[in-house]
**Student:** 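Input: one structure, supplied below.
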Amino acid sequence: MTMTASPWALPATVQGKAACLRISDRALEVVVDKSTWLHIPIELVLDVTWTSPTLSIAVLAPRRHLCHAPRILSRAQWTERHKNAAELEPFTFKAQHADEKGAEWAAHVMQLAYPRTQPQRRILIICNPFGGKGHAKKMLDDVVMPTFRVARCTVHVVETKKRGDAYRYCESLDVSQYDALACVGGDGTLHESLNGLACRTDAAHALTLPVVPVPAGSGNGLFVSLHGTAVGFSAAHACLSAIKGVTYTHELMSVTQPQDAFTSANSCPYTLHGVGPDGRSYVQYYSFMSQAIGIIADVDIGTESWRFIGDARFELGYVLSVLRNRSCPITVEVCFGPSGTTSRADMYHAAKKTPERIQESPPHVEDAHQLLRGSVLDPLPTADVPLRPSETAHPPTDDTWTRLDVSVSSVYAGKVPFVSRGLMAFPYTCPSDGLLDVLIQDQHTSALQKISATLHGETGDHIFDRGMHYFKVHALRITPHPDTPRRFLSVDGETVPYAPIQVEVSPLRITLLTLSDDEWSAPSIRAHTIQAHASRYP
Ligand SMILES: Nc1ncnc2c1ncn2[C@@H]1O[C@H](COP(=O)(O)OP(=O)(O)OP(=O)(O)O)[C@@H](O)[C@H]1O
């Protein structure tokens with residue numbers, strides 16, 4: 001037996017049997033009685049301690065369905081995010097090794113397991129126990145807490161009791177006390193937590209606290225954008241990124257709406273206000289993912305009572321909304337500015353060029369809440385001639401705003417690629433290009449064409465469908481026509497007043513954590529998107 005051939009192989013006793021603990025090919029392997037009992041990539045080792053004569057080893061390993069089945073995950077499976085990875089669970093075992101080599105071995109494995117970061121992070125958890133299908137609390141108790149516990153993280157848990165709690169908690173949080181903020185819930189909990197941090201006077205500093213989405217909602221757009229679709233809604237995966245992820249930053253969007261649109265029925269927790277030129281007040285808040293009106297918002301908000309069917313509610317709701325075929329009477333104005341574009345080829349090439357490792361620190365921000373394009377209450381310097389987005393390759397490049405000549409079925413704008421597992425709404429979005437991506441569905445396309453667009457949503461190919469306009473802008477204003485039926489308007493999947501709204505990219509950036517090299521290019525430029533669209537742009 002080659003038990004001690006490698007310097008990092010350690011003879012030991014596991015469950016009373018002779019065993020060998022070894023590191024080979026960046027994997028931790030435990031061989032008991034000559035058969036492999038555990039084999040996992042070193043990234044999945046959470047903690048190793050030696051207190052003579054006992055080694056305690058905590059890992060995330062594939063769930064063991066059979067009593068004697070080994071826990072094996074190959075590096076290829078891990079890299080591919082094989083479905084086994086979605087079933088990782090925290091698992092601690094003990095091995096006996098009496099001499100001092102145990103301490104040396106433990107220290108060495110910990111160095112390999114944490115090559116870029118320090119172990120034992122201090123983690124704040126904000127949990128919406130009713131998130132998604134109501135599974136958030138179970139996810140917290142069954143996976144999140146056990147995983148952080150075995151990784152010997154210090155954890156503080158805050159459970160929200162009502163809407164606005166996460167916002168208020170983050171508004172006064174001492175961010176220096178934590179290394180990461182894990183939000184267990186849906187995108188709504190993230191929206192509130194990020195707004196609590198972003199609306200502070202020290203927003204740029206507060207947003208250096210890395211935020212980790214733990215997917216207990218139905219859409220979980222940020223989680224899917226970060227980790228891809230293959231891992232499913234894996235809480236273990238999210239915990240791993242909180243425990244050892246490296247930081248990078250991602251632009252936020254500023255949103256303004258008239259303050260008088262917020263009634264007591266849809267009161268908002270947002271505390272940031274400003275005054276427009278006519279003396280009226282506006283509310284300013286932030287969006288990390290998307291804004292929607294028309295069919296998409298009807299699906300997002302109008303199907304909330306169907307949460308029990310999970311993310312299938314989005315597909316079903318979409319088909320029903322298309323069949324109803326209601327128009328969306330709104331005015332859409334955009335500012336293309338110096339780098340906005342309607343050319344998908346330009347967007348594709350820019351996305352391809354975006355550096356793969358987006359780790360830079362956020363730029364210095366003088367005025368965190370500055371609105372570069374003004375608020376929703378400012379009169380717009382709009383060009384006389386409305387623009388059909390599909391018919392021009394050269395939109396105005398100055399600061400003029402342009403009214404779009406398009407009959408709208410829905411407008412969807414955003415800054416992360418996936419808004420749910422089944423929809424990569426914004427395939428060419430970039431984390432730091434200063435632009436938001438806008439997708440407009442034309443009302444004049446047939447119901448069949450609209451439904452067929454959903455078939456291409458997973459790969460981002462819907463942007464090439466007839467009746468879809470896709471472009472990048474510096475700012476967007478949507479004004480619902482007065483005296484028309486009220487529909488839904490959603491920001492990050494949350495309902496906001498059906499009233500004028502203006503969005504621009506903020507100078508503020510959020511801090512996210514990412515696990516491995518192939519994810520450093522996320523959330524915007526996932527290699528497979530770029531490869532999938534390569535044949536369209538020879
Ligand atoms: N304890 C609570 N009781 C009621 N509402 C809450 C509570 N905690 C948070 N909320 C609100 O519930 C809304 C939805 O939260 P969240 O996004 O976490 O879950 P979800 O909506 O089920 O997920 P998804 O948005 O992905 O569908 C948010 O507006 C949030 O402010």
Side-chain angles (χ1 to χ4, degrees), residues 124-141 144 157-171 181-199 211-227 229 232-235 238 255 257 262 264-271 283 285-292 296-318 412 414 416 418-423 425 488-497 523:
L124 169 65
I125 297 175
I126 294 186
C127 173
N128 168 9
F130 304 107
K133 290 183 276 181
H135 289 165
K137 179 77 172 93
K138 190 164 159 37
M139 191 179 262
L140 177 71
D141 293 342
V144 177
V157 182
V158 175
E159 280 188 28
T160 56
K161 296 205 166 33
K162 57 183 180 311
R163 190 164 188 231
D165 280 5
Y167 180 93
R168 281 183 288 274
Y169 192 85
C170 289
E171 216 184 357
L181 162 58
C183 290
V184 186
D187 292 317
T189 302
L190 277 167
H191 172 85
E192 273 199 24
S193 304
L194 285 168
N195 267 284
L197 298 173
C199 290
V211 175
V212 177
V214 184
S218 23
N220 306 307
L222 184 60
F223 177 86
V224 181
S225 294
L226 280 168
H227 300 287
T229 51
F233 291 154
S234 166
V255 181
Q257 287 199 276
F262 289 85
S264 56
N266 56 18
S267 65
C268 74
Y270 313 119
T271 47
V283 174
Y285 57 97
Y286 291 89
S287 166
F288 67 92
M289 185 171 75
S290 61
Q291 308 85 40
I296 299 287
D298 294 350
V299 172
D300 227 354
I301 309 293
T303 64
E304 284 197 333
S305 56
W306 305 352
R307 281 177 192 291
F308 63 93
I309 59 168
D311 52 356
R313 75 176 164 105
F314 298 126
E315 275 90 26
L316 186 60
Y318 181 80
Y412 209 3
V416 297
F418 283 97
V419 290
S420 70
R421 278 194 291 200
L423 182 53
F488 292 111
L489 182 55
S490 80
V491 171
D492 297 342
E494 295 297 287
T495 186
V496 298

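Just so you know, ligand 1 is whichever comes first in the structure, and atom 1 is the first atom listed for that ligand.
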**Student:** Can you name the nearest heavy-atom pair linking Thr189 to Ala166, along with the distance?
**Tutor:** O-CB, 4.4 Å
**Student:** Yes or no on side chain to side chain contact (heavy atoms under 4.5 Å, CB included) for Phe418 and Leu222, after CA distance, side-chain angles and deciding distance?
**Tutor:** CA-CA 7 Å; Phe418 283 97; Leu222 184 60; over 6 Å; no
**Student:** Please list, in number order, the atoms of ligand 1 under 4.0 Å from a heavy atom of Gly185.
**Tutor:** 18 (O)
**Student:** Is it the case that the side chains of Thr271 and Tyr167 hold a donor-acceptor pair, with the cut-off being a distance below 3.5 Å and no angle test?
**Tutor:** yes
**Student:** Nearest non-hydrogen contact with atom 6 (C) of ligand 1 belongs to which option: His135, Arg163, Met289, His191?
**Tutor:** Arg163
**Student:** Compute the shortest N/O to N/O distance between Gly188 and ligand 1 and return yes if it is under 3.5 Å, no if not.
**Tutor:** yes
**Student:** So if I apply the side-chain contact (heavy atoms from CB on, under 4.5 Å) rule between Leu181 and each of Val211, Ile125, Leu194, Val212, which one comes out positive?
**Tutor:** Val211
**Student:** Determine whether any heavy atom of Gly219 lies closer than 4.0 Å to an atom of ligand 1.
**Tutor:** yes
**Student:** Start with the C-alpha distance between Gln257 and Leu489, add both sets of side-chain angles, then the distance that settles side chain to side chain contact (heavy atoms under 4.5 Å, CB included), and finish with yes or no.
**Tutor:** CA-CA 11 Å; Gln257 287 199 276; Leu489 182 55; 3.7 Å; yes
**Student:** Can you tell which part of Glu192 has a heavy atom less than 4.0 Å from ligand 1: side chain, backbone, both or neither?
**Tutor:** side chain
**Student:** Are a donor atom and an acceptor atom from the side chains of Ser490 and Glu494 found within less than 3.5 Å of each other?
**Tutor:** no
**Student:** Output the list of atoms in ligand 1 that are nearer than 4.0 Å to some heavy atom of Gly131, sorted by atom number.
**Tutor:** 19 (O), 22 (O)
**Student:** Give the contacting part of Glu494 toward ligand 1: side chain, backbone, both or neither, where contact means a heavy-atom distance below 4.0 Å.
**Tutor:** side chain
**Student:** Heavy atom to atom 12 (O) of ligand 1, shortest distance: which of Thr495, Asn220, Asn128 holds it?
**Tutor:** Asn128
**Student:** Could you tell me, atom by atom, which parts of ligand 1 come under 4.0 Å of a heavy atom of Asp187?
**Tutor:** 17 (O), 25 (O), 26 (O)
**Student:** Classify the angle between the aromatic ring planes of Tyr285 and Tyr270 as parallel (below 30°), tilted (30 to 60°) or perpendicular (above 60°).
**Tutor:** parallel
